[in-house]
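One structure is given here, and the rest of the page talks about it.
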Amino acid sequence: MMQVRLLGPIEVASADGLVTAVPGLRRRAVLAVLGLNPGRTVSIDQLIDVVWDEQPPTTATNTLQRNISYLRELLGSKDAIVAKSPGYLLRTAGMSTDVEEAERLICQGRQAPSPREAVTHLRAALALWRGQPLADVAELRWLGEQAQRLGQTQFEAIRALIDARLALGEHAQLVPELEQLVTARPFDEDLHRQLMLALYRAGQQAESLARYQRLRRTLAEELGIDPGQGLRDLEASILRQDSTLGAPSQPLTVAPTVRAPAQLPLATAAFAARRHELKRLDEVMARRQENMCIAIVSGTAGVGKTTLAVHWAHLARQRFPDGQLYADLRGFDRGGSVTDPATVLRAFLDAFGVPLEKIPADMDALAALYRSVLADKRVLVVLDNAREAEQVRPLLPGTPGCAVVVTSRYQLTTLVTVEGAQPIILEPLTDDEARDLLMRRIGKDRVAAEEAAIQEIITRCARLPLALALAAASCVTRPHLAVRGVAAELRQSFGTLKALQNLDSGTDIRSIFSWSYHALSPDAARVFRLLGQHPGPDFTAEAAASLTAMSAADVQQKLAELVRANLLTQPKLGRYGLHDLLWTYAADLGRDEDGFPRLLDHYLHTAMSAALLLNPHREPPVVPPPRPDATPECLSGREDAASWFNAERAVLLGLVKRAAALGFHEYVWRLAWAALDHLDRCGHWGDQVANQQAATESAKCLGAQAAQANAHFYLATTYARMARYDAAQSQLAQAFDLYASLGDLGDQARVQYQMGWLSNRQREYEQAVGHARQALRLYRLAGQPMMAARALNSLGWAYALRGDFARARPRCELALARMRELGDLTFQAGTSDSLGYIYHHLGNFDLAIEYFQRALELFRGLDDRYYEADTLKHLGDTYHATGDNGAAQVAWKQSLDILELLRHPDAAEVRAKLETSADRSR
């Protein structure tokens, strides 16, 4: 079905999704008028009046006819627009408009039998808005009025959506969105009602009442009226803590457009038939509708715990239509990099589409939000390689319908005792199961032909799937060799090396590894040894090339040989991994190899280039050139850099830890610097803290006070993001002392500047003013006039946030004048934005718009996308205050597009402005 789209620029969408813009103002206007009256005849006189704004030329009728002919061709049918006296109509058969669709969905949302269904319909309706309605014809008077009407419809849908989300218990998530909305609409009593209720339900009764008092004063001072009876009644109910105001029991909802996550790794094709254990898992999970079920699959290393869990999960996935989650907890990682449950929770919430800005930093809050998201869902959670019960507990759903499979070398008996988990202890395979595994891998005929040799292989491998898989790989890769020859080689390898430590398997599995290893070509064996120096959990061929000092083509061949020998796996396309036992074995063999420095160079130089692609305005530290045999990756742009960081985040964290342990301190703080922006933008606060703590220690070992001070400085910023303000203050104090010991007045000023930012985050504006003054004084003493001008702007901004616009204005104006003298384009942009904000609040909207537009020009010239988006947000606020809702929506939409591209948490605030404005405009 063709669709005429009016909720944004005028365009036509075909049934197969092809979107075509409509050229020409008059053509767009004709289609808009007909689209706003689908199935109804619009007279020729009315069309001419609207399209030519009541000033038609003498040729208007003929031009209208030509435009109608053009639009029929664009719509693909002469019958799409029908001539019917006294004018034309847009046929409804085979044709629709996004306005009709939005109005239908909003009606369904208002009439929905449950809040959950209401949220689904209303979100679907709001997703149809692509910016200002009728954006490219709103200059015509009648269509401009219709654009305002459609904008009001959008806002009313947002208002209804907020009520539905409150009914679902999303009060905590709504508070920041509502705060932005009431800032934009300070006299809207219904928004204040929703905010007061959300605050009260979030446990902020005092703030809820304070909001009412602020509104009461604003209405009295500005309009000379009191709040309406509804708000007065709500205040009274809050004062007496009326039980009817309590939060509903419904869980948090997530965006309905997010597909159910399907995170299970690839299943092993040649799975040994563990029929008893599979049946036992089925029995345990059969009760999931009554209780949240937990199964713990435990057993020795190499016994096939992960293979069993993943195989069963694939068989059972249809029983869990709301998603399958998987996490490797790395409980027995040879480097000790056990996965933090908070990291897993963040990844799981992200998989369900929970926006970054709604994900808390606190561990308990993370776990609570995770349980809320999974409530009433049927989700399977596979937690692989757990070390202890405390690593698992935060990751357990809280309601029936969900199931958890945990694998561990330990039995985790406290989970059995406290949480009612069901233990499944995995023993080595039976002889029949081991024979079945070999048969699946090397063929029925070869197994049947040499029963005695097969039995010897089974016995030598102690019926462990990992060892049997290695033996089978040797048979498959050497089809010319009889099975008895493989058995003989295996027999000869035993006793040549001591058994692997901490392995209670009843067999010398290390001898089996040795046998597979010695069957490799010399180059492949060297690659295997060197891979033990990689921190894991996986790696690319490019990284392996640097590690081994081989060409990309040569290392690809050796990696393929290792895969064929079953010594290497490919968990994802383009990435390789080792079983943890094999990694330990490889590391022991490669203890004297020299690849680790090349590996560090590979990741450091790639990370540095990626960091500068993400933020070209950063000033990088000096980095020595890479070793000749190290080949860092070439990244093509911002998106490529972001993808690289996402893929390598766990590797970089492990590399920082391993480099610190081995004394490569000069790499530690530089790697932490390179990963800084990525971790900050993606909200990986725990990882950032670990990196910067390692950076402070390594810089201290090197006696590099400046690097140490910088690490304290970055650590403070991260703690502030996590709302750990006391810790942030402590780190800034340490940074300040180090800079002071170096006699570095400029960086002391930078710390004061940051302390002012920290105070602003805590709404301690008086302290922010004091820190800005100190920063200004120190920058002047340091002889840094450009930074002094920036600090002067910071001082003005602190006054503005305090509401003292009379003091803020002259300071920011003086700062701007000095920046122009000094040619500081970057902060001319920021200070212009500050002045726009100040003049907005002084009521001089025209001047505010001029400053915001100047700031936009400068930020765009600097390619500073975040601050371009921030200024567009402020510009939209000012347009909105003038009543120009269309221009406001255009600015906010542009801001939102940039923030979503950057994956910045500020996107939520702008999205709320757009949604609210759209609802009100309908």
Quiz prompt | Working for side-chain contact (heavy atoms from CB on, under 4.5 Å), residues His605 and Glu633 | solution = CA-CA 8 Å; His605 285 271; Glu633 296 179 47; over 6 Å; no
Quiz item: Checking side-chain contact (heavy atoms from CB on, under 4.5 Å) for the pair Phe645/Leu652: CA distance, chi angles, key distance, verdict?
Solution: CA-CA 9 Å; Phe645 270 125; Leu652 291 172; 3.8 Å; yes
Exercise. Begin with the C-alpha distance, continue with both residues' side-chain angles, and end with the deciding distance and a verdict on salt bridge (charged side-chain N to carboxylate O under 4.0 Å, His left out) for Lys700 and Glu697.
Key: CA-CA 5 Å; Lys700 186 176 181 180; Glu697 292 302 316; 5.3 Å; no
Practice problem: For side-chain contact (heavy atoms from CB on, under 4.5 Å), just list the numbers for Phe713 and Val751, CA-CA rounded to whole Å, side-chain angles, deciding distance to a tenth of an Å, and then say yes or no. | Solution: CA-CA 7 Å; Phe713 185 88; Val751 172; 4.1 Å; yes
Self-check item: Residue pair Gln324, Val382: steps toward the side-chain contact (heavy atoms from CB on, under 4.5 Å) verdict
Solution: CA-CA 8 Å; Gln324 306 92 45; Val382 179; over 6 Å; no
Exercise. Assess whether side-chain hydrogen bond (donor to acceptor under 3.5 Å, both in side chains) is satisfied between Asp554 and Ser551, documenting all intermediate values.
Key: CA-CA 5 Å; Asp554 286 345; Ser551 70; 3.2 Å; yes
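To the nearest 0.5 angstrom, His678 atom NE2 is 4.5 Å from Asn646 atom CG. In this structure, CG on Asn710 lies 6.5 Å from CG on Asp747, to the nearest 0.5 angstrom. Here the OG-CG distance, from Ser546 to Asp629, works out to 9.0 Å after rounding to the nearest 0.5 Å. Going from atom CG of Leu732 over to atom CH2 of Trp757 covers 9.0 Å, rounded to the nearest 0.5 Å. In this structure, OG on Ser895 lies 10.5 Å from CZ on Arg865, to the nearest 0.5 angstrom. Going from atom OG1 of Thr343 over to atom CG of Leu653 covers 8.0 Å, rounded to the nearest 0.5 Å.
Closest heavy-atom contact between Glu593 and Leu530: CB-CD2, 3.4 Å. Nearest heavy atoms, Ala469 versus Leu437: N-CD2, 4.4 Å. Across all non-hydrogen atoms, the minimal contact from Gly577 to Leu568 is O-CD1, 3.4 Å. Between Gln693 and Leu715, the closest heavy-atom pair is CG-CD2, 4.0 Å. Taking each heavy atom of Ser609 and Leu635 in turn, the nearest pair found is OG-CD1, 4.1 Å. A pairwise comparison of heavy atoms in Gln731 and Ala716 identifies CB-CB, 3.7 Å as the closest pair.
Cation-pi check for Arg618 over Trp673 is met; the charged atom lies under 6.0 angstrom from the ring centroid and within 45 degrees of its normal.
There is a side-chain donor-acceptor pair under 3.5 Å between Tyr326 and Asp384. Looking at Tyr739 and Arg750, their side chains do bring a donor and an acceptor atom within 3.5 Å of each other. Of the N and O atoms on the side chains of Glu542 and Thr631, not one donor lies less than 3.5 Å from an acceptor on the other residue. Looking only at atom types and distance, the side chain of Gln692 has no donor-acceptor partner in the side chain of Thr718 under 3.5 Å away. Defined by atom type and a distance below 3.5 Å, a donor-acceptor pair is present between the side-chain atoms of Tyr667 and Asp601.
For the pair Lys305/Val303, a side-chain contact is recorded, criterion being any heavy-atom separation below 4.5 Å from C-beta on. Taking the side chain as every heavy atom from C-beta outward, Pro261 and Leu325 approach each other to under 4.5 Å. The closest side-chain heavy-atom distance from Asp328 to Thr339 is not below 4.5 Å. Considering only heavy atoms from C-beta on, Asp640 comes within 4.5 Å of Ser636 through its side chain. Counting heavy atoms from C-beta on, the side chains of Leu547 and His602 never come closer than 4.5 Å. Side-chain contact between Leu562 and Lys558 is absent, with no heavy-atom pair separated by less than 4.5 Å. A heavy-atom distance below 4.5 Å is not found between the side chains of Asn691 and Leu671. Proximity of Tyr576 to Val563: side-chain heavy atoms (C-beta onward) are separated by under 4.5 Å at one or more points.
Panel note: side chain Arg317, backbone His314; a donor-acceptor pair is recorded below 3.5 Å. Between the Ser408 side chain and the Ala386 main chain, a donor and an acceptor come within less than 3.5 Å of each other. The backbone N or O of Leu676 lies less than 3.5 Å from a partner atom in the side chain of Gln688, making a donor-acceptor pair. Within the 3.5 Å criterion, the main-chain N or O of Gly590 finds a donor-acceptor partner in the side chain of Gln533. Looking at Arg638, its side chain never comes within 3.5 Å of a backbone N or O of Leu613 through a donor-acceptor pair. A donor-acceptor contact shorter than 3.5 Å is absent between the side chain of Arg591 and the backbone of Ala587.
In summary, Arg575 and Glu648 engage in a salt bridge, as defined by a charged side-chain N under 4.0 Å from a carboxylate O.
Taking the six-membered ring wherever Trp is involved, the centroid distance between the rings of Phe664 and Phe596 falls below 6.0 Å.
Of the residues Val555, Leu599, Leu559, the one that meets the side-chain contact (heavy atoms from CB on, under 4.5 Å) test with Thr548 is Val555. Among the candidates Asp340, Val338, Val344, the single residue satisfying the side-chain contact (heavy atoms from CB on, under 4.5 Å) test with Leu329 is Val344.
Around atom OH of Tyr753, more than 12 heavy atoms belonging to other residues, nucleotides or ligands sit under 6.0 Å away.
By the 30° and 60° cut-offs, the orientation of the rings of His534 relative to Tyr603 is perpendicular.
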